[in-house]
Amino acid sequence: MIYLQLFLSFLQVGALSFGGGYAAMPLIQEQVVNLHGWLSMNAFTDLVTIAEMTPGPIAVNAATFVGMQIIGPLGAVVATFGCILPSCVIVTLLAHLYTKYQNVSVFQGTLASLRPAVVAMIAKAGVTILISSFFVNGTIQLIRQNICIRMIVFFGIALVLLRKFKVNPILVMVLCGVANVAFSMIAGV
């Protein structure tokens with residue numbers, strides 16, 4: 001039964017996550033954290049980090065990670081297959097339709113209307129990750145015990161390195177990870 005739940009959950013993610021991996025994160029969070037309770041919010045944040053750092057599409061990496069965490073290698077295969085199946089079918093159909101109707105204005109209008117929704121889903125994923133990183137309990141409560149100053153400082157430094165100095169994003173992620181490990185070892189946290 002768990003295999004079917006895992007497959008159907010990621011089938012929904014794969015079918016409804018227009019715009020790529022970041023747009024899929026709210027859908028994955030809803031399935032994995034809120035609906036089924038397979039992962040905690042902290043584990044989900046770790047999932048996002050791991051899915052971002054490993055090569056390949058973020059949603060597929062997340063599906064593989066969740067499946068592996070829940071029921072092992074077969075779970076990883078089932079979740080990954082559920083995630084990619086809708087894309088394979090939809091892309092095949094869209095490629096056929098696009099070549100046939102590429103000059104029709106209604107088709108172009110439909111594609112253009114999806115862009116704002118994709119931007120909103122990506123923004124929601126980013127805000128969710130920021131909140132879970134900046135606030136200890138994952139909710140916005142402006143009290144000192146709930147604010148993670150270290151993560152806010154890391155975010156600020158990473159933002160400056162990325163925007164002002166144009167440092168490679170992978171290098172910035174590695175530097176932040178090393179800095180966090182070093183800080184944890186020094187502070188004993």
Side-chain angles (χ1 to χ4, degrees), residues 2 5-6 9-10 12-13 16-54 56-71 75-76 79 83 116-189:
I2 187 77
Q5 285 180 330
L6 193 59
S9 292
F10 280 99
Q12 289 175 21
V13 169
L16 302 175
S17 60
F18 297 99
Y22 294 114
M25 285 303 148
L27 299 172
I28 295 171
Q29 178 187 348
E30 180 63 28
Q31 289 290 325
V32 172
V33 177
N34 301 342
L35 187 62
H36 295 290
W38 290 327
L39 297 177
S40 67
M41 192 57 197
N42 286 338
F44 179 76
T45 304
D46 293 341
L47 158 91
V48 172
T49 304
I50 291 168
E52 173 68 30
M53 289 179 13
T54 53
I58 294 170
V60 174
N61 291 344
T64 304
F65 180 81
V66 170
M68 190 71 170
Q69 286 291 105
I70 296 172
I71 44 181
C83 188
V118 169
V119 170
M121 293 174 80
I122 292 170
K124 199 279 189 199
V127 169
T128 300
I129 292 168
L130 281 176
I131 290 170
S132 66
S133 295
F134 290 175
F135 299 99
V136 175
N137 68 4
T139 59
I140 300 175
Q141 292 177 332
L142 299 177
I143 55 174
R144 172 63 189 104
Q145 298 81 6
N146 192 39
I147 299 172
C148 188
I149 302 295
R150 176 177 26 158
M151 294 303 157
I152 295 171
V153 169
F154 286 168
F155 175 79
I157 292 169
L159 193 61
V160 168
L161 289 173
L162 290 167
R163 300 294 296 165
K164 183 171 176 136
F165 297 107
K166 308 290 187 216
V167 176
N168 185 311
I170 295 171
L171 180 60
V172 172
M173 288 184 346
V174 169
L175 290 173
C176 285
V178 168
N180 191 43
V181 168
F183 182 83
S184 296
M185 291 172 70
I186 292 169
V189 177

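Nearest heavy-atom pair across Leu6 and Gly75 is CD2-O, 3.3 Å. Contact detail for Cys148 and Ser133: the closest heavy-atom pair is CB-O, 3.7 Å. The two residues Ile149 and Arg144 have their closest heavy-atom pair at CG1-NH1, 3.6 Å. Closest approach of Ser17 and Ala24 over heavy atoms only: CB-CB, 3.4 Å. The two atoms that bring Val167 and Leu162 nearest to each other are O-CD2, 3.5 Å, heavy atoms only. Summarising the geometry of Gln31 relative to Val13, their closest heavy-atom pair is CG-CG2, 4.2 Å, with the distance given to 0.1 Å.
Ile152 is linked by a side-chain contact (heavy atoms from CB on, under 4.5 Å) to Phe134, Ile147, counting only residues two or more places apart in sequence or in another chain. Scanning for side-chain contact (heavy atoms from CB on, under 4.5 Å) contacts around Glu52 gives Tyr22, Ile58, Met173, with sequence neighbours left out. Not a single side-chain hydrogen bond (donor to acceptor under 3.5 Å, both in side chains) links Gln5 to another residue, sequence neighbours left out.
Separating the CG atom in Leu175 from the CG atom in Leu161 is a distance of 7.0 Å, to the nearest 0.5 Å. Cys83 SG to Ile28 CD1: the interatomic distance, rounded to the nearest 0.5 Å, is 6.0 Å. Put simply, CD on Glu30 and NE2 on His36 are 9.5 Å apart, with the number rounded to the nearest 0.5 Å.
Applying the side-chain hydrogen bond (donor to acceptor under 3.5 Å, both in side chains) test to every pair with at least one member in residues 170-181, sequence neighbours left out, gives these pairs: Arg150-Asn180.
Within a 6.0 Å sphere centred on NZ of Lys164, heavy atoms belonging to other residues, nucleotides or ligands number 12 at most.
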- request: Apply side chain to side chain contact (heavy atoms under 4.5 Å, CB included) to Phe65 and Thr54, showing your working.
  value: CA-CA 11 Å; Phe65 180 81; Thr54 53; over 6 Å; no
Intermediate values then yes/no, side chain to side chain contact (heavy atoms under 4.5 Å, CB included), Val174 and Met53: CA-CA 9 Å; Val174 169; Met53 289 179 13; over 6 Å; no
- prompt: Could you go step by step and tell me if Trp38 and Ile71 meet the side chain to side chain contact (heavy atoms under 4.5 Å, CB included) rule?
  reply: CA-CA 10 Å; Trp38 290 327; Ile71 44 181; over 6 Å; no
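Of the possible polar contacts, none joining the Asn137 side chain to the Asn146 backbone as a donor-acceptor pair under 3.5 Å is found.
With a 4.5 Å cut-off on side-chain heavy atoms, Phe10 and Thr64 do not count as touching.
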For residues 122-130, which side-chain donor-acceptor pairs fall under 3.5 Å, sequence neighbours excluded?
{"unit_1": "Lys124", "atom_1": "NZ", "unit_2": "Thr128", "atom_2": "OG1", "d": "3.3"}
{"unit_1": "Thr128", "atom_1": "OG1", "unit_2": "Lys124", "atom_2": "O", "d": "2.8"}

Please tabulate, for side-chain N and O atoms in residues 40-51, each donor-acceptor pair with protein atoms closer than 3.5 Å (sequence neighbours left out).
{"unit_1": "Ser40", "atom_1": "OG", "unit_2": "Ala43", "atom_2": "N", "d": "3.1"}
{"unit_1": "Thr45", "atom_1": "OG1", "unit_2": "Met41", "atom_2": "O", "d": "3.0"}
{"unit_1": "Thr45", "atom_1": "OG1", "unit_2": "Ser132", "atom_2": "OG", "d": "3.2"}
{"unit_1": "Thr49", "atom_1": "OG1", "unit_2": "Thr45", "atom_2": "O", "d": "3.1"}

